Amino acid sequence: MAGRWSKARRKQNMRTTELTRRSLLISGLVAGVGVLASCRSTAPAPQSSSSVTPRSEPVVPSPSEPADQAARPQGDLYGVGVYNTQEVADELVYIDGNVRPFDGVPKRVLITGSTAGAGQLAAAYLVKRGHTVVAHARDAQRAADVRRDLPRLHEVVIGDLRHLDETRALAQQINALGKFDVIIHNAAEYRISGPEILSANSLSPYLLTALVTPPQQLSYLSSDQHFGGGLKLDEIRSGGGIGYPDSKLHMAMIAMAVARLRPESQANAVNPGWIPTWLAFQDGPYSEDDLRAGYMTQVWLAEGVEPGSDITGEYLFHQGMDTRVSDLVHDEDAQDHLLAAYAEQTGVTLS
């Protein structure tokens, strides 16, 4: 999740979370056969008619079983200490118990990077409101996690954005599901190598924007860290590494370019703030901004019924336009140079 360094709303101390220790039940010797060690989690298991495969053996899905259904969810519900903070888990509980159905026309919504953090919170909220939500997971394991956490999801598409061949395949999966009303480009990687940051946080959002059938509304998650970013055109063309701040600048610039080149679509960059998610806590057990406000801008835009939610071509923070933004974000020449570098690297042109 993206950070907001200069607009501190509140300091939060990370509530210490202890990883749930899985208890092991070991069977005894089976006469004439051998020793069978079977490990079962004490965490709630997903509903399934298939038998449980022992952890000591490779998990092989049956021909009729999707790969993500063969993986078993990690940890307890909402993955505290595994992929979510206690704060995110508490907010998911709040959503489940308090959010009421939407009284308008339900939307078809795709959210990338929606297996944890703000992406999962936006997905949970929109599902509870009655929208048709498709989540995106990096791999089968994370797909199993989010299916357990949000069982009312319509579908989960799978693709690791660090690998552009998987991103292209992901675009095909998305298009096969039909046109979406809303796509929220939430996925982001942090503290990985520069080339992986380039692929996951910069090239992949561009490819998905170019290859997926354009929706009515798009949101691109940025960050205050974009102030420290640069165009890095040579690095994009060569496939070299870029930094996280560069990628957050690129996300904002893609949003502005889409709003300009596709006026029939509503597109904005969204800064959720530095909120208490697993990604943010990689820099230490603190956050500066309100967790709920960090995902509600995406919900507000997706539903599009409240005053001001029809805004386009802007950089937003907590349901308001943020004028404190890098000059490069709204620089049309810089946007065109960025898109040209993307097209040269990927062979795909955004139109």
Side-chain angles (χ1 to χ4, degrees), residues 1-4 7-10 12 78 84-135 146 149-150 152-153 180-188 215-224 248 251-252 255 266-280 287-312 314-322:
M1 180 57 55
R4 185 168 185 85
K7 292 187 175 181
R9 294 295 189 274
R10 61 187 176 87
Q12 298 179 338
Y78 305 141
N84 269 328
T85 61
Q86 185 65 54
E87 288 85 349
V88 169
D90 290 345
E91 187 69 6
L92 287 165
V93 171
Y94 168 83
I95 289 170
D96 189 56
N98 294 278
V99 174
R100 297 295 173 255
F102 183 55
D103 60 5
V105 178
K107 302 286 185 71
R108 282 174 48 81
V109 184
L110 167 73
I111 307 176
T112 68
S114 41
T115 60
Q120 187 178 13
L121 290 169
Y125 195 102
L126 290 167
V127 164
K128 190 70 175 179
R129 294 278 276 171
H131 300 285
T132 299
V133 179
V134 173
V146 77
D149 292 348
L150 305 179
R152 293 172 60 191
L153 286 168
F180 285 86
D181 299 305
V182 177
I183 296 179
I184 301 172
H185 290 277
N186 174 85
Q216 178 183 348
Q217 197 266 325
L218 303 100
S219 293
Y220 295 82
L221 273 288
S222 185
S223 161
D224 264 355
K248 294 293 101 177
M251 285 289 273
Q266 176 192 2
N268 295 283
V270 177
N271 179 1
W274 197 245
I275 56 180
T277 65
W278 194 256
L279 184 153
S287 62
E288 297 180 340
D289 294 303
D290 181 76
L291 179 60
R292 190 169 302 161
Y295 70 86
M296 281 304 296
T297 300
Q298 297 87 287
V299 171
W300 175 70
L301 289 167
E303 293 191 332
V305 294
E306 296 185 14
S309 61
D310 59 348
I311 194 170
T312 189
E314 297 296 345
Y315 188 95
L316 306 176
F317 176 71
H318 295 183
Q319 299 181 36
M321 188 169 66
D322 194 343

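All values reported here derive from a predicted model rather than from experimental measurement.
Distance alone, capped at 3.5 Å, is enough to place a donor-acceptor pair between the H318 side chain and the P272 backbone. Not a single donor-acceptor pair under 3.5 Å links the side chain of Q319 to the backbone N or O of W300. Counting only distance, with no hydrogens or angles, the side chain of K128 and the backbone of D96 share a donor-acceptor pair below 3.5 Å. Side-chain atoms of N84 come within 3.5 Å of backbone atoms of G117 as a donor-acceptor pair (strictly under, hydrogens ignored). The main-chain N or O of K248 is found under 3.5 Å from a side-chain atom of S222 such that the two form a donor-acceptor pair. At distances below 3.5 Å, not a single donor-acceptor pair connects side-chain atoms of E91 with backbone N or O atoms of Q86.
F317 CZ to S223 OG: the interatomic distance, rounded to the nearest 0.5 Å, is 10.5 Å. Note that CG of L291 is 5.0 Å distant from CD1 of I275, once rounded to the nearest 0.5 Å. Atom OH of Y315 sits about 11.0 Å away from atom CE of M251, to the nearest 0.5 Å. Annotation: the span from H185 atom NE2 to I111 atom CD1 amounts to 11.5 Å, rounded to 0.5 Å.
Residues D181 and V109 have side chains not in contact (no heavy-atom distance under 4.5 Å, counting atoms from C-beta outward). Considering only heavy atoms from C-beta on, V127 comes within 4.5 Å of L153 through its side chain. Looking only at side-chain heavy atoms (C-beta outward), D90 and E87 stay at 4.5 Å or farther from each other.
For residues 92-123, the pairs satisfying ring pair (Phe, Tyr, Trp, His ring centres under 6.0 Å) are F102-H131, with sequence neighbours left out.
Applying the side-chain contact (heavy atoms from CB on, under 4.5 Å) rule to S219 yields the partners I184, Q217, V270, L301; only residues at least two apart in sequence or on another chain are considered. With sequence neighbours excluded, the residues forming a side-chain contact (heavy atoms from CB on, under 4.5 Å) with V134 are L110, H154, E155, V157, L177, F180, listed by chain and number. Looking at residues two or more places apart in sequence or on another chain, you find no side chain to side chain donor-acceptor pair (under 3.5 Å) involving N268. With sequence neighbours excluded, the residues forming a side chain to side chain donor-acceptor pair (under 3.5 Å) with T115 are R142, listed by chain and number. For A124, the side-chain contact (heavy atoms from CB on, under 4.5 Å) partners are L92, I95, L150, not counting sequence neighbours.
For the residue pair Y78 and Q120, no side-chain donor N or O sits within less than 3.5 Å of a side-chain acceptor on the partner. A donor-acceptor pair shorter than 3.5 Å can be found between the side chains of N271 and D224.
Nearest heavy-atom pair across Q298 and L221 is NE2-CD1, 3.8 Å. Between P106 and G130, the shortest heavy-atom distance links the atoms CB-O, 3.7 Å. Here the closest heavy-atom approach between residue P215 and residue L218 is recorded as CG-CG, 3.6 Å. Shortest non-hydrogen contact noted between A188 and L279 is O-CD1, 4.0 Å. The two residues V133 and A123 have their closest heavy-atom pair at CG1-CB, 4.1 Å. Across A267 and A255, no two heavy atoms sit closer than the pair CB-O, 3.7 Å.
R129 and E303 are joined by a salt bridge, as a carboxylate oxygen and a charged side-chain nitrogen come within less than 4.0 angstrom of each other.
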**OP:** Could you go through the side chain to side chain contact (heavy atoms under 4.5 Å, CB included) check for D322 and L316 one step at a time?
**Re:** CA-CA 5 Å; D322 194 343; L316 306 176; over 6 Å; no
